[in-house]
Trainee: 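Here it is, the structure, as structure tokens.
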Amino acid sequence: MEPLEKLQQHLKKLPGLGYRSAERIALHLLVEHPERLGELVAALEEAARTVHRCGRCGNLAEGELCAICLDSRRNQRAVCVVEHVPDLVALERSGAWRGAYHVLHGRLSPVHGIGPAELNLAPLFARIARGEVDELILALANDVEGEATCHYVTEQLPPGGAVKVSRIGFGLPSGGGVLYADAVTLKSALDGRRRYD
Ligand SMILES: [Zn+2]
């Protein structure tokens, strides 16, 4: 395969890039601005080497824990559970949440072969078992799979109600998740969160 075509094939797999944009970017890097290709390669290599998942919450981290888990000014005992890192980024951008997070890296989806073992659930349940969590806010997509995931997480909690659980998503655009909501919507959804059981 020609280098141009090969690069284009890889770019096309990235979210948000169709055939035309992949072609434009590949031409830009290989033909018009080859010096930018080297910079991009270096940045990709550095990111691949230094960035990984936070051992506690699943966010991106450079050390063992991410900046949010290390921030003592945040309420580390209130944990907002999201599907993906971009959801966390959207919540952070809105400024609506000053607690901690847990990123599942997906949601339950039997049709796509995604069961509990495929999700980043174990570190969350370990935090709960250590008594480090008072409140869980389930900020998952407002659809059947999001609901099934909320149900599963709730079922695994220790009995006795030591962990308060609430759910946001009802006020968010139908079918959309946290990522697609604006700051005001996110804030009112968090403020208006209601007990989930
Ligand atoms: Zn973290």
Side-chain angles (χ1 to χ4, degrees), residues 14-16 43-109 114-142 145-158 161-169 172 176-183 185-187 189-191 193 195-196:
L14 300 176
L44 289 171
E45 277 175 354
E46 190 190 349
R49 204 173 51 243
T50 58
V51 180
H52 51 262
R53 280 187 192 182
C54 170
R56 180 152 72 160
C57 77
N59 185 18
L60 297 181
E62 287 183 40
E64 193 195 330
L65 297 180
C66 73
I68 292 172
C69 283
L70 290 170
D71 188 345
S72 58
R73 291 163 304 177
R74 304 183 70 116
N75 179 4
Q76 296 290 345
R77 302 186 63 83
V79 178
C80 182
V81 180
V82 295
E83 288 174 27
H84 297 288
V85 172
D87 298 330
L88 179 157
V89 172
L91 278 159
E92 281 301 284
R93 201 181 293 130
S94 78
W97 181 241
R98 294 298 297 158
Y101 291 96
H102 191 83
V103 186
L104 295 177
H105 296 282
R107 57 188 150 146
L108 294 179
S109 177
I114 301 169
E118 276 69 46
L119 300 180
N120 183 38
L121 282 164
L124 175 64
F125 295 140
R127 277 165 101 174
I128 293 167
R130 287 194 301 268
E132 294 173 5
V133 179
D134 293 331
E135 183 178 9
L136 278 186
I137 292 100
L138 303 169
L140 305 179
N142 198 10
E145 293 177 349
E147 188 56 39
T149 311
C150 289
H151 188 73
Y152 179 82
V153 170
T154 313
E155 274 192 330
Q156 311 306 309
L157 297 177
V163 181
K164 194 174 126 197
V165 184
S166 49
R167 165 99 162 99
I168 66 165
L172 301 179
V178 172
L179 186 54
Y180 300 104
D182 61 47
T185 311
L186 285 175
K187 179 140 181 43
L190 273 166
D191 291 346
R193 64 184 185 261
R195 206 177 168 104
Y196 179 83

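Just follow the structure's listing: the first ligand is 1, and inside any ligand the first atom is 1.
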Trainee: Would you compute the distance between atom CD of Gln76 and atom CZ of Arg98 and round it to the nearest 0.5 angstrom?
Mentor: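 So the gap between those two atoms works out to 10.0 Å.
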Trainee: So does Gly58 get a backbone contact from the side chain of His105, meaning a donor-acceptor N/O pair under 3.5 Å?
Mentor: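 The answer is yes, because a donor-acceptor pair under 3.5 Å joins these two groups.
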Trainee: Taking atom NE2 of His151 as the centre, report whether more than 12 heavy atoms of other residues, nucleotides or ligands fall under 6.0 Å from it.
Mentor: no
Trainee: How about the Zn ion (ligand 1), which protein N, O or S atoms come within less than 2.8 Å?
Mentor: Cys54 SG, Cys57 SG, Cys66 SG, Cys69 SG
Trainee: Among residues at least two apart in sequence or on other chains, which ones pass side-chain hydrogen bond (donor to acceptor under 3.5 Å, both in side chains) with Arg93?
Mentor: none
Trainee: Counting only heavy atoms from other residues, nucleotides and ligands, does the tally under 6.0 Å from CD of Glu62 exceed 12?
Mentor: no
Trainee: Any chance CD of Glu92 has more than 12 other-residue heavy atoms, nucleotides or ligands included, within less than 6.0 Å?
Mentor: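 Yes, because the 6.0 Å sphere around CD of Glu92 holds more than 12 heavy atoms from other groups.
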